[in-house]
Amino acid sequence: MSKKSDDSIERIFRQALTQYDTKFQESDWVKMEKLLDEEASRRAAARSRRIKGTAYTLTGLTGLIIAVYFLAIKNPSGTLGVLSDSVTEMQATEDLTKNGNVKDENQSDGLLSKPPPLVSKLPGKDGSDQTAGETDRDASQLLDPDKSKKTNPEIIADATTDAPGSPSKADRQVGGETDLELPTTSSILPKKNNSAAQGPLSDLEKSTSNENKTLPPDANLTNKSDPSLTTPVTGNDVQDIANEKITADDDALAVTTVPSATGSSENVTSKEFQETAADQPTQNTIAVAPEEKVSAIGKDTSAVKRVTILSQPEAPAINAKETEGKQKVKPASRWSVGIIFAPEFSTINLGRYSAPGASFGLRIAYQVSNRFSVNTGLIRSTKKYEDSGDSYQPRNPAYWQIRTNGVIPEEIYSNCLVYELPVGVQFDAIQTQKSRVFISTAISSYFMASQAYDYTFSSPNPGADMGWRSPRAENYWFSVGMVSAGYERYIHRSLALGIEPYLKFSLSEIGWPNIKLFSTGAYVTLRYRFMIKRNLE
Amino acid sequence: MEENTERTNTILIGCKKLHRESQKQLYEEYYAYALSICLRYADNRDEASEILNDGFMKIFNNVKVFDLTKAFKPWLRKIMVNTAINHFHQKQRKIQADEIQVAKHESDTESIISGISYQEIIAMLQKLPPAYRTVFNLHVLEGYKHEEIARMLDISVGTSKSNLFKAKESLKKIMNDFFEADYVEKE
């Protein structure tokens, strides 16, 4: 054939095909409309998924904002606290709750270690409210001339009713003591001073006050309290004494319900104290503030006064001892473990999300300093995401040509099982006694245990692969970064419950489709903090 | 470059807002032109309709990013051609199996049609094996070079040239059977 004939054919076809006269067929539009309807419903489904994703994210953020609000605005003083302090205090509280006073006694090896527990018990947990309440009650009773003239056993009985002092009550008070709200505590003072209850003058003033002599019962009562501040309790008898002593001291009020029993132990204590008092006059003097000595008629509010005294000028020094004592009690370990769970949304581009996968695992943390901790763990997560086929780049560039007739799938749905090994640093931005807000960053290694990809074509594609699956593990070391912020609150001295919204992003391309994957969600965390068990023998 | 008429732009604006009425107007307006392209690549009218609807779906999905200052018709043409090529890829395996069959069928072409018309030309084109037809369309009617065709169809340049040659040979044969044996020569 000649070139001329070739050109002729081309010309014929070019000319003929420009004069098209195809008529409109309504049936084609009907099919078109059907396609449009399907597309519209698919868009609606995708939109609802996006809305859900946004709602989850907003919920997490709202929770975080609320947490910050309550911590930083409603409780500004608390924000200044340092976790380690609050931790120490909290655990002291718990220790008391669990072990009662016996433990304190066991640990009281000397004068210095003994007083702190007493101090910690007295102030009252819920701020000074409780203490104030009790003080009021005490004061009111003491104001009653009849009551003030009661005999010793009666007074003890009164004290008992004042403070149905169960150990737990005393314990609760300890927690509040951590706040050491001096203004509140000092506000108690006037009441006590104004009242006739001047118990605190007690034995410390015995040597100088005649009133003490005229009120011998007071001696017993006060002896009962004071020794706890100063007594160098040693020996086996101490145990018995301490039990009673501390119980009574627990607020001077947490006395046993059986006056006679209390009385007997008091006598023992009293004797000991008298010896102690003679040996340790200085200690006693320290414990008594000048203004406390006003009208020394007092009786059973001595303990309360003592609290006041201790938390006043001498407070710093004694507090230091107190903290020291508490740390000896049962400090928190730097180690903690936690379990975490999150519904996780994964995506290739941040504007498109599919149904969430589950992510859960274990985390171990080590507190490096007051505010910094490092952590690692193992997380098992299911990454579910979908996107148009163009977003995926199979390792073999000719993959689509070979496996799907050269047609790139319109949609690819992915479902991968990944084990994550993150190594991260956490900074506690806001800390309070019971909670904290933190930010965290981590770098994570991904171990893909399995991958599955399902293709959807815009039109039937006979003979094409409908997906790709691999049970073969693939490792991507330090390939994913993570940033998060969270709020955590202690629900128990060792257990903290928290929420931690996060964003994970690929630092390099991962998986069979060589994608940069984003995952977002909010971990719900339950963290257990270890305690150092020592000094418990 | 031809510009869009005001009517076309109004319809396109409606399509951007996903108004079904505007979509139907656009469909009707460009139905004949689009189908004429699809028919050249398809084996038959049904397949051409399928390509047409797939192409229009792409248009409706992407019209929101279409620049109204640019001509719509070339854009539509390109989308239709690309959609046709996608269909070609989908059929590729099946096509290869059917090729021998079609080749046999060529020689049995019956000359029922009297005179040459658009429909007849289309019918002749549709008698070609898809691999030949696609290259012929892209090269002769769309004006693509062999290098471009090779890239688009994932074939070698040599295959593209070869297919074009074979397409022309086949068409001549078909036309010879259809008209007088010397029709082409006279032309």
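In what follows, chains carry the letters A, B, and so on, assigned in the order in which the sequence lines appear, proteins first and then strands, with residues in each chain numbered from 1.
- Summarising the geometry, atom CD belonging to B:Gln23 is positioned 6.0 Å from atom CH2 belonging to A:Trp29; distances are rounded to the nearest 0.5 Å.
- Using a 4.5 Å heavy-atom cutoff, the side chains of A:Glu33 and B:Tyr27 are not in contact.
- Ranking B:Arg20, B:His139, B:Arg45 against chain A, the residue ahead of the rest is B:Arg20, based on heavy-atom pairs under 4.5 Å.
- Contact of B:Leu39 with chain A is made through the side chain alone, with heavy-atom distances under 4.5 Å.
- With a threshold of 4.5 angstrom between heavy atoms, B:Tyr33 approaches chain A through its backbone and through its side chain.
- Within the 4.5 Å cutoff, no side-chain heavy atoms of B:Phe56 are placed close to those of A:Leu35.
- Summarising the geometry, atom CG belonging to A:Asp28 is positioned 3.5 Å from atom OH belonging to B:Tyr31; distances are rounded to the nearest 0.5 Å.
- Atom CG of B:Leu35 sits about 8.0 Å away from atom CD of A:Gln25, to the nearest 0.5 Å.
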ask   = Step by step, would you call B:Phe60 with A:Met32 a side-chain contact (heavy atoms from CB on, under 4.5 Å)?
value = CA-CA 11 Å; B:Phe60 292 141; A:Met32 184 76 241; 4.0 Å; yes

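- Taking the side chain as every heavy atom from C-beta outward, B:Asn61 and A:Arg43 approach each other to under 4.5 Å.
- Taking CD of A:Glu10 as the start and CG of B:Leu164 as the end, the distance is 6.5 Å to the nearest 0.5 Å.
- By the neighbour-count criterion of 12 heavy atoms within 6.0 Å, atom CD of A:Glu26 is densely surrounded, having more than that number from other residues, nucleotides or ligands.
- A:Glu410 contributes atom CD, which lies 9.0 Å from atom CG of B:Asp54 (distance to the nearest 0.5 angstrom).
- Contact count versus chain A (heavy atoms, under 4.5 Å) is highest, among B:Leu18, B:Leu125, B:Ile37, B:Leu52, for B:Leu125.
- One finds no salt bridge joining B:Glu50 and A:Lys31 here, because no Lys/Arg side-chain nitrogen approaches an Asp/Glu carboxylate oxygen to under 4.0 Å.
- Two residues are said to be in side-chain contact when any heavy atoms from C-beta on lie closer than 4.5 Å; B:Lys24 and A:Leu36 fail this criterion.
- Atom NZ of B:Lys161 has 12 or fewer heavy atoms from other residues, nucleotides or ligands within 6.0 Å.
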